[in-house]
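Proteins get letters first, then strands, A, B, ... in listed order; numbering begins at 1 in each. For the numbers below, each heavy atom of this structure counts, side chains included, while hydrogens, waters and symmetry mates do not.
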Number of protein chains: 2
Amino acid sequence: MSSGSAGGIRERKKHETREALHRAALSLYLAQGPDAVTISDICEAAGVSRRTFFNYFESKDDAVMDWNEERAGGSVAERIAARPDQEEPLEAVHQAVRTGIVRLLEHETWRQRQLLVSRHPRLVPLAFAGNRRTRGLMAEAVARRIGAEPGDRYPRVLAAAANAVAQAALAQWDPEDSGAALLEILDASFAMAAAGFSPPS
Amino acid sequence: MSSGSAGGIRERKKHETREALHRAALSLYLAQGPDAVTISDICEAAGVSRRTFFNYFESKDDAVMDWNEERAGGSVAERIAARPDQEEPLEAVHQAVRTGIVRLLEHETWRQRQLLVSRHPRLVPLAFAGNRRTRGLMAEAVARRIGAEPGDRYPRVLAAAANAVAQAALAQWDPEDSGAALLEILDASFAMAAAGFSPPS
DNA sequence: GCCCAAGGTTACACCGAGGGCAAGTTTGCA
DNA sequence: TGCAAACTTGCCCTCGGTGTAACCTTGGGC
């Protein structure tokens, strides 16, 4: 056997099955809308049994929002830590988020996800379901930068606000537009935060 | 018949049933944890049939998070509009949120809700499920203040960030503490936003 | 007081989500 | 080749959620 790059056939097949379920779920969601898709439909499209589905995901939404591609860009926390020391915390977070989005924009499935979410607002909370953890890691990274405790007020408030600003930017972006447009919106939105939200002239 | 204040027996009974279901759901959630409670349990405690439950709520979480008490304080949008004209938008939103929280603190059921949420983080998104609408109304109110369109970037980003700051404040508050403590946290958090999140000395 | 219509409640039946379990199948390794 | 670990599957169950139709209560007209 030539076998896969990592591990053996077993690992590769698991990955393929997961990917097949994810793709099937995403395209069915896009084609028919979230409510019209049943787990059985997804399984049929992916060629596995209904029971197997639950070996990989806890729900159909879980399958659609699967995030293994995010990891393909490193974590936000790492990117914050990598910013120059003298940079203000908010700016460091801004740049960390920015490069994260640049990487995500390269993934076609991520764009499809955004399209799906923008078409079905019901899914918005799901798209950001992983954000509680992300926010926590962001707060930790910020705390480490300024020598504070991770539980301190400042890092937490900053992380929450930065996340919200990023979400708002995403929500204002049309996923059929260029990635550059999203980055413009993002930069403008963070500039508002840096200015203490004083009203634009 | 002495009858209720508004309408007849019918209206009153509907209201009582809704309230009974809400209270039953809340206390069962608190006593047993969200996952251990079934809709049948709630119905038994409230003395109605399972089918009737769904005449009032779409899910058990919906019943727990029922918000008729929020309305007993007017909307955030109204309170923003009521702030003095020369006040900066962020400060107006801050004060509007603040008085809203002051009112909510008077409601025992609201405090129970917060306790429940703080004990079961899984519920956090639900507690803020109504926030999409709230955020929209906030953005509109801010837009009206500065003579912008409701869809403009500034009002939306401000509303999103203010909401996140308020959420972060709530999350840092122990619901068994005094209401004054929550207000202190809230004020300090908004001060950070007004300062453009420059790090504390 | 009687009766009828509107509306609220209930039982029943059904489908999909989700998960436990044990048997069957494939892979990895000796 | 053979065995153990791991993955898949079918079966069965409970709970969430909804349509339907029968039933009961309320309120208003006669």
Interatomic spacing from SG in B/C43 to NZ in B/K60 - rounded to 0.5 Å = 11.5 Å
Figure out the CZ/P separation between B/R12 and D/dT26, and round it to whole Å.
-> 9 Å
Could you state the CG-C1' distance from B/L21 to C/dG8, rounded to the nearest angstrom?
-> 13 Å
Position toward the 5' end of DNA chain D (nearest nucleotide), B/S59 or B/K13 = B/S59
Spacing of B/D35 atom CG relative to D/dC15 atom P, expressed in whole Å | 13 Å
At under 4.0 Å, does any side-chain N or O of B/Y56 touch on OP1 or OP2 of C/dG8?
-> no
Should the ring pair B/W110 and B/W173 be called parallel, tilted or perpendicular, given that the plane angle runs from 0 to 90° and is split at 30 and 60?
-> parallel
Candidates D/dG17, D/dT9, C/dT10 - which lies nearest the side chain of B/I39 | D/dG17
Going by atom types alone, do B/Q95 and B/E91 pair a side-chain donor with an acceptor below 3.5 Å?
-> yes
Neighbour count >12 (heavy atoms, 6.0 Å) for atom CD, B/Q32 | yes
Within a strict 4.5 Å, meaning less than it, do heavy atoms of the B/N163 and B/Q167 side chains meet?
-> yes
Going by distance alone, is a donor N or O of one side chain under 3.5 Å from an acceptor N or O of the other, for A/D62 and A/Y56?
-> no
Atom pair distance, as rounded to whole Å: CD1 in B/I42 and C1' in D/dG16 | 11 Å
Please check the phosphate of C/dT9 (OP1 and OP2 only) for any side-chain N or O of B/S49 closer than 4.0 Å.
-> no
Between CD of B/E11 and P of D/dG28 the distance, given in whole Å, is 12 Å
Send over the distance from B/F53 CZ to D/dG16 C1', rounded to a whole Å.
-> 10 Å
5' precedence on DNA chain C between A/S40 and B/K14 (nearest-nucleotide basis) | B/K14
What nitrogen or oxygen pairs link the protein and nucleotides 18-22 of chain D at under 3.5 Å?
| from | atom 1 | to | atom 2 | distance (Å) |
| --- | --- | --- | --- | --- |
| D/dG19 | N7 | B/R51 | NH2 | 3.0 |
| D/dG19 | O6 | B/R51 | NE | 2.7 |

Give the rounded distance in Å between these two atoms: CG of A/D61 and P of C/dG16.
-> 16 Å
A/T38 side chain: which of D/dG16, C/dA17, C/dT9 is closest?
-> C/dA17
Provide, to the nearest angstrom, the distance between the CD atom belonging to A/E44 and the P atom belonging to C/dG16.
-> 12 Å
Please indicate whether B/R23 has more than 12 foreign heavy atoms, meaning atoms of other residues, nucleotides or ligands, lying under 6.0 Å from its CZ.
-> no
